[in-house]
Amino acid sequence: MLDYNQPIDRAKNPAASEAPQRKSAAGFSVLELANLLWRRKIAIASAALIGACLAVAAGKSLTPRYTATAQLYVDPRELQLVDRELTPRAQDVSGMSMLVESQARLITSNNVLLQVIQQAGLDKDPEFGGGDGQSIAVSLLGLIGLQPRAPSAAETKEVQLAALDALNKHITIRKTDKSFIVDIEVWSTDPAKAAMLANTLTNAYLTESRNSQALAARRATSELSGRLKELRERLRNAETALATYKAQNNFVGTQDSLISDQQLSSSNQRLSAARAATMDAQARLDQIEANKRTAADAGAIPEALQSPTIANLRAQYADARKRYAEQTAELGPRHPALRQTEKQVEDLKRTINEEIERFALSAKNDLTRARDYEASLNRALDVQKRQSVQLSQAAVRLRELEREADASRDVYQSFLKRSRETEEQETLNTSAARVIGEATLPQRRSFPPGMSLFAMIGFIFGALAAAFWFVAAEHLINGASAPEPNRRVRMPAPDVENPQVDAAPPPPALALVEKPVIARLQEADVIRTLGGILATGGGVDLTRVGWPTLRPGFPLTTLLNALRDMRAAMARRAGGKAMPVIALLGAGAATGRSVTALNFALAAARDGSRVLMIDADHQAHALSRKVKRPGKTEAGKLGWLSIGGNATREIKTVNGISVLPATETDAGKAADAIRKAIAQARAAGGYDLVILDGPAMPLSAAGRKLLDGVDALVAVLPTSLDINDGMEEILTALGAAQRKLVGVVLDELTPATQTRQRGKQYA
């Protein structure tokens with residue numbers, strides 16, 4: 001079996017046994033790291049203790065802070081004391097959340113904080129930038145009997161702004177998620193001062209909230225009252241003009257609803273219905289004509305579904321098609337019974353089309369009748385419009401005056417009522433915000449944390465710093481002369497004919513050959529289809545060529561994971577090259593290799609790759625014969641890519657894979673044509689992967705030249721043969737190209753000859 005403990009190299013050289021020792025010497029193992037740290041344990045412990053002492057000393061030097069917390073309940077819905085509030089309320093959750101966040105931001109507004117500064121006297125507090133220098137100057141002037149100069153307004157404003165900035169840094173507002181609770185945290189060096197400032201801030205916010213509501217209501221009342229006199233005069237003029245016009249035109253005490261208006265409304269309704277009927281008839285006719293042009297199924301027309309004649313004909317047509325399909329599978333294309341059935345199918349289809357023509361004629365008649373009816377209604381409506389205009393000229397001006405009077409009355413009443421409401425809202429407090437938790441004297445400091453935590457952090461950082469220092473020093477001392485850990489020195493095989501070569505110095509180190517991936521292609525991974533390309537309605541289907549292919553919709557298996565690992569290894573070998581190329585070589589019959597190559601392409605296409613599959617076996621042509629064999633019922637879609645001339649072009653399949661068949665030339669010309677086709681496909685783009693089925697074993701000079709341009713190789717070994725002998729044969733044929741081997745597929749499928757033998761029937 002294959003040995004994974006050594007690289008794929010058939011040369012036996014003594015340097016290979018020494019490479020592991022050199023590799024281990026170059027690395028820095030976990031055991032060596034542990035030994036190094038153990039040797040330096042006293043120094044590391046000393047550094048950890050020094051770090052702990054320094055951290056405790058730094059913590060002792062910090063000024064302690066005490067944080068007091070007050071809790072507010074900010075309900076955005078507020079109290080509904082009147083029917084219509086001055087400001088609309090948020091109805092959805094997002095709107096309420098935005099209102100709560102806005103109120104939380106209002107707590108730290110300048111208006112609120114300035115009130116806190118004035119009430120608590122923070123402009124004279126040294127913690128908030130208050131007058132240390134001023135108090136000293138006042139004391140010195142008092143000693144000599146002088147009175148200090150009163151500060152100017154600019155100086156007072158500057159001191160307040162400094163205190164405002166300092167107070168802003170001492171406040172933290174936290175909103176609890178999914179609630180209306182707002183926490184107000186204020187810190188200070190004095191715990192009593194922190195609690196006092198938190199409570200003062202909450203009271204100042206509530207006062208500011210009430211004042212802002214009252215101010216908004218007062219401003220709204222003033223604006224509304226200023227408009228009431230003008231609206232009252234406009235309403236009086238509108239009502240006077242309406243009464244005068246009614247008296248002049250004898251509309252007093254009567255209704256101006258004319259009979260012509262009712263008739264006009266009824267005619268409009270009938271015309272709308274007639275237009276809808278015309279559009280319905282036109283749509284029905286268009287649908288029938290469209291179905292006739294596109295040769296769609298007769299069952300797509302609603303009238304056809306309701307027709308028993310069409311239903312009977314379609315049933316007969318389906319039975320005839322079924323008989324035709326059955327006879328096609330059993331009889332030849334010239335059999336009399338098959339021709340008779342085909343004629344019957346055509347007669348039924350023609351009869352159905354004649355019925356559809358009758359539906360179309362009926363739809364045309366309906367459309368003509370609907371258009372005539374619509375035209376007559378249009379003429380009648382025009383006559384009624386002229387009569388209505390003549391009869392209602394006097395009522396036009398009356399309705400205009402009535403509308404003006406009604407609009408003026410509604411606006412005046414609305415302004416009058418709203419003015420009275422806002423006037424009453426000036427004295428009402430509709431805010432639902434309240435204090436649910438006053439700030440208390442904090443018992444513990446909030447900063448800095450406990451000295452035990454400082455000591456623990458300093459101890460850990462001191463130990464880590466010392467450990468990193470010793471490891472870095474050890475690595476710098478010993479790492480200069482160590483070889484690369486991922487390189488392996490390989491000695492060339494001795495030359496028997498020229499012994500002087502052995503005395504030459506060894507070549508430079510070469511990269512270690514990556515271990516190939518082993519995959520097993522078993523019967524459980526595939527499904528066997530019929531031996532022919534069946535009609536799928538969309539072109540060539542590679543899962544219907546008669547070869548065993550991957551099960552459709554099958555979950556990830558060991559085979560699919562192994563094939564994915566092979567493609568990943570190929571991508572690493574390609575080094576980011578666009579459209580890498582991989583070739584599959586096989587021992588034994590060419591059919592097994594072609595089956596494996598097809599399943600490799602299907603697995604890549606299942607993962608979303610665009611695959612170009614090329615038949616590089618100019619002898620067997622197994623893949624080309626399966627895709628291009630005569631007698632298939634579905635023609636493949638030909639692409640632009642060709643090989644060896646336009647006679648052989650790529651075939652696009654329904655599986656997302658394009659197949660480029662082999663050419664009927666010698667090995668050299670076939671290899672050159674394949675290389676040109678790969679270059680054209682890479683230049684044009686459109687593919688993610690190229691898979692070569694072949695070349696055939698044993699390799700010819702043209703085949704070796706073709707493999708020089710591929711990025712990776714996969715060996716296919718049938719288990720019906722000796723896989724070790726097959727692997728030795730492939731490695732011998734590859735020579736130096738064996739470094740491109742990324743995977744080995746063990747073909748455990750039953751050979752085709754045995755399958756046919758087992759399926760024979762004997763008399």
Side-chain angles (χ1 to χ4, degrees), residues 2-9 12-65 67 444-491 505-518 558 561-562 564-566 568-569 571-573 575-576 739 742:
L2 296 177
D3 187 6
Y4 269 28
N5 296 326
Q6 299 294 335
I8 302 176
D9 192 358
K12 310 298 182 184
N13 48 69
S17 60
E18 299 177 2
Q21 285 78 4
R22 290 196 298 271
K23 182 178 178 180
S24 61
F28 202 76
S29 63
V30 178
L31 182 59
E32 293 177 356
L33 178 62
N35 292 333
L36 174 62
L37 296 180
W38 179 254
R39 290 196 306 269
R40 305 291 184 178
K41 58 183 180 295
I42 298 178
I44 294 175
S46 301
L49 292 177
I50 294 174
C53 295
L54 293 176
V56 171
K60 291 290 186 181
S61 64
L62 297 175
T63 303
R65 296 180 182 179
T67 302
R444 296 181 180 179
R445 63 187 182 189
S446 58
F447 179 83
M451 293 299 105
S452 59
L453 180 59
F454 271 92
M456 184 182 301
I457 295 175
F459 186 87
I460 293 174
F461 274 95
L464 290 177
F468 283 134
W469 171 262
F470 291 129
V471 171
E474 185 74 14
H475 184 72
L476 291 176
I477 293 173
N478 299 331
S481 59
E484 297 183 12
N486 59 346
R487 308 288 285 182
R488 173 172 297 213
V489 178
R490 297 184 56 193
M491 300 296 294
L510 299 176
L512 180 65
V513 176
E514 185 176 356
K515 184 168 55 178
V517 181
I518 296 293
T558 305
N561 291 329
R564 185 173 296 169
D565 293 340
M566 292 180 190
R572 292 193 297 270
R573 297 289 182 90
R739 289 183 172 276
V742 297

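Counting begins at 1 with the first residue of the sequence.
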Looking at every heavy atom in both Pro64 and Arg445, which two are closest together, and how far apart are they? CB-CD, 4.1 Å
Heavy-atom nearest pair, Ala562 first then Val517, reads O-CG1, 3.9 Å
Note, Phe454 side chain near Leu54 side chain (heavy atom, < 4.5 Å): no
What are the two closest non-hydrogen atoms of Ala43 and Phe470, and how far apart are they? CB-CZ, 3.7 Å
Do you know which two heavy atoms are closest between Val471 and Leu36, and how far apart they sit? CA-CD2, 3.9 Å
Closest heavy-atom pair, Ala463 versus Ile44, reported as atoms and distance to 0.1 Å, is O-CG2, 3.8 Å
Take atom CE in Met456; do more than 12 heavy atoms of anything else shown fall under 6.0 Å from it? no
Can you check whether Ser446's main-chain N or O pairs, donor with acceptor, with Thr67's side chain at less than 3.5 Å? no
Inter-residue atom distance Cys53.SG - Phe459.CZ, 0.5 Å rounding: 10.5 Å
Is the shortest heavy-atom distance from the side chain of Lys41 to the side chain of Leu37 under 4.5 Å? no
Shortest non-hydrogen contact from Ala55 to Gly458? CB-CA, 3.8 Å
